[in-house]
Amino acid sequence: MEKSSETNGYLDSAQEGPATGPGEPGTTAGRAGRCAGFLRRHGLVLLTVSGVVAGAGLGAALRGLKLNRTQVTYLAFPGEMLLRMLRMIILPLVVCSLVSGAASLDASSLGRLGGIAIAYFGLTTLGASALAVALAFIIKPGSGAQTLQSSDLGLEDSGPPPVPKETVDSFLDLTRNLFPSNLVVATFQTIPIGTEIEGMNILGLVLFALVLGVALKKLGSEGEELIRFFNAFNEATMVLVSWIMWYVPVGIMFLVGSKIVEMKDIIMLVTSLGKYIFTSILGHFIHGGIVLPLIYFVFTRKNPFRFLLGLLTPFATAFATCSSSATLPSMMKCIEENNGVDKRISRFILPIGATVNMDGAAIFQCVAAVFIAQLNNVELRAGQIFTILVTATASSVGAAGVPAGGVLTIAIILEAIGLPTHDLSLILAVDWIVDRTTTVVNVEGDALGAGILHHLNQKAMKRGEQELSEVKVEAVPNCKSEEETSPLVTHPNPAGPAASTPESKESVL
């Protein structure tokens, strides 16, 4: 368990008293000490937020220079290095954390926490899908945009939209990804549309790591050496994460700046697809700012925004990288150190959540599906709406945790309700805007789920300790009598009355 003295940031700052004594006024040295302490605790958060702001300013300043593609590539190079470092650390972090997390929990706790996590992920994603469909029908983002063409938005060189396929084939591919035929190949290949392409099959690796951790736990003493190896590997990986985190502000600044420079005509995009962008972002704001915090409060009776305040760095990373998987290292570090979540909980639930919990993606996909239906003047029936909800909830499990990963799954939804997929290029035009809030909501759902599980696990442990103490108290008066009548006790005076009892005459042999 994480001790409160080992956590920092928002957990400890709430418990700290004033730096000066009650009779001492706030001296200059005292104020300087408090200021230094604040910067030491929250320096990384301030640097990360400053990196986002500086990147926006840098991009706005360089837009007037009309940089060519090569120069934009040079500008984005520091940000590309950040993405490569984060992706490099994903594989050892996911595998080692899940193996050590599954091995550290007993079978009953693993089953109970796993069941709660699956229910939380499924219900929140289904609720997000329902919210998105309701907003899309109220705001009607596709009305008035029927004449919009891809060429109007400068999408001639954006490439073809995803290849459509049967819905059944999509879910068969999802099952194939759960059971990779080769674990080494699964580290760099996945099966999104029936053929293997580049991209880590993190879903199969998650399932294998969970099962391996449970198997090592079953081995007992024989598996302890390998469990210690994965624990040490996991701790070493977290040290690497802490080093990479200090490069995050620099990488984020150039990621945001290069993306702003790449924008062609932002005014045309906003005026043409403004209602679609507004509907998606409003859904993310309602779900991430109201629904998820409310669920956290109902279960824990704690302030959810204080919990989220300790996660500003991973939220800024999610906003800049648009990747749930790339945000996983910083999320795991901050949720343990700033919010004091048990390592066994965070390292068990966060890798799973980064793979299967996609609340933001479900909102974005449902809004996009209704938008394309309205664009083509198609009246959606109740059966088609139900199909959108179920398909979006299920397909978000297989959505890749990478930029624009959710666009691929929209083709599955459109195919399920019989809509054309050629309008997906319009979604791609503004995906770089919507995908940022999508990723933030995705990782927020993972973090609040870990906080809820941590709270429930703490309550269960306290209840178990209380029951154990009550059993011990009740057993104290009987200890002496049990010792006297035990068949293992050899009495020095067999002629005494105690020797005539049946219990003392029984032989152990």
Side-chain angles (χ1 to χ4, degrees), residues 1-16 34-51 82 85-86 89-90 92-94 96-98 100-101 104 230-249 251-252 296 300 302-321 324-354 440 443-455 457-458 461:
M1 293 292 297
E2 291 290 306
K3 298 180 181 178
S4 60
S5 60
E6 294 174 354
T7 61
N8 55 26
Y10 300 94
L11 189 66
D12 289 344
S13 61
Q15 301 172 355
E16 291 176 354
R34 289 195 297 272
C35 183
F38 177 83
L39 292 177
R40 186 167 54 251
R41 291 191 304 271
H42 311 310
L44 186 59
V45 175
L46 296 175
L47 287 174
T48 305
V49 175
S50 301
L82 172 63
M85 284 189 286
L86 291 174
I89 212 74
I90 288 172
L93 186 65
V94 168
C96 295
S97 63
L98 278 174
S100 60
S104 64
F230 279 109
N231 287 337
F233 202 156
N234 194 29
E235 294 300 328
T237 304
M238 293 305 295
V239 172
L240 295 179
V241 169
S242 66
W243 294 346
I244 295 173
M245 291 298 295
W246 289 104
Y247 181 69
V248 166
I252 283 180
Y296 178 85
T300 65
K302 297 178 182 177
N303 186 351
F305 299 104
R306 188 172 190 82
F307 183 88
L308 296 175
L309 199 61
L311 305 174
L312 290 181
T313 297
F315 289 158
T317 306
F319 184 84
T321 63
S324 301
S325 300
T327 310
L328 181 61
S330 61
M331 175 62 75
M332 201 171 287
K333 176 179 171 59
C334 290
I335 202 170
E336 292 172 4
E337 295 186 354
N338 294 350
N339 293 335
V341 173
D342 189 352
K343 289 181 179 179
R344 296 174 300 173
I345 302 296
S346 63
R347 299 182 185 185
F348 166 71
I349 203 63
L350 288 180
I352 300 176
V440 172
V443 299
E444 180 192 357
D446 301 340
L448 291 177
I452 291 172
L453 284 179
H454 172 72
H455 176 77
N457 190 54
Q458 293 286 91
M461 290 177 62

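- Here the closest heavy-atom approach between residue I252 and residue G51 is recorded as CG2-C, 4.2 Å.
- The shortest distance between side-chain heavy atoms of L311 and N338 does not fall below 4.5 Å.
- Taking each heavy atom of A318 and T327 in turn, the nearest pair found is CA-OG1, 3.4 Å.
- Between T313 and K333 there is no side-chain heavy-atom pair separated by less than 4.5 Å.
- The two residues I335 and A450 make their nearest non-hydrogen contact at CD1-CB, 3.8 Å.
- Rounding to the nearest 0.5 Å places OG of S104 at 8.0 Å from CD1 of I345.
- Residues L312 and T48 fail the side-chain proximity criterion, which asks for heavy atoms closer than 4.5 Å.
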Next on the checklist: Before you tell me yes or no, could you show the steps for L308 and F315 under side chain to side chain contact (heavy atoms under 4.5 Å, CB included), namely the whole-Å CA-CA distance, both residues' side-chain angles and the distance that decides it to 0.1 Å?
Outcome noted: CA-CA 9 Å; L308 296 175; F315 289 158; 3.9 Å; yes
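- The distance from the OG1 atom of T300 to the NE2 atom of H454 is 10.5 Å, given to the nearest 0.5 Å.
- The line from NZ of K302 to CD1 of I452 is 11.5 Å long, rounded to the nearest 0.5 Å.
- With rounding to the nearest 0.5 angstrom, the CD1 atom of I89 is 13.5 Å from the OG atom of S325.
- Between P249 and L47, the closest heavy-atom pair is CB-O, 3.4 Å.
- Note that the OG atom of S324 and the CD1 atom of I90 stand 10.0 Å from one another [nearest 0.5 Å].
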Side-chain donor-acceptor pairs under 3.5 Å in residues 231-246, sequence neighbours left out?
{"unit_1": "N231", "atom_1": "ND2", "unit_2": "I227", "atom_2": "O", "d": "3.3"}
{"unit_1": "E235", "atom_1": "OE2", "unit_2": "R347", "atom_2": "NH1", "d": "2.8"}
{"unit_1": "T237", "atom_1": "OG1", "unit_2": "F233", "atom_2": "O", "d": "2.7"}
{"unit_1": "S242", "atom_1": "OG", "unit_2": "V239", "atom_2": "O", "d": "2.5"}

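- Between A326 and T321 the shortest heavy-atom distance is CB-OG1, 4.2 Å.
- If you take CG on L328 and CG on D446, they are separated by 8.5 Å, rounding to the nearest 0.5 Å.
- The side-chain hydrogen bond (donor to acceptor under 3.5 Å, both in side chains) check on S100 picks up nothing, with sequence neighbours excluded.
- Taking the ring pair (Phe, Tyr, Trp, His ring centres under 6.0 Å) definition, one finds that F307 meets it with Y296, sequence neighbours left out.
- Across all non-hydrogen atoms, the minimal contact from N339 to G310 is OD1-CA, 4.1 Å.
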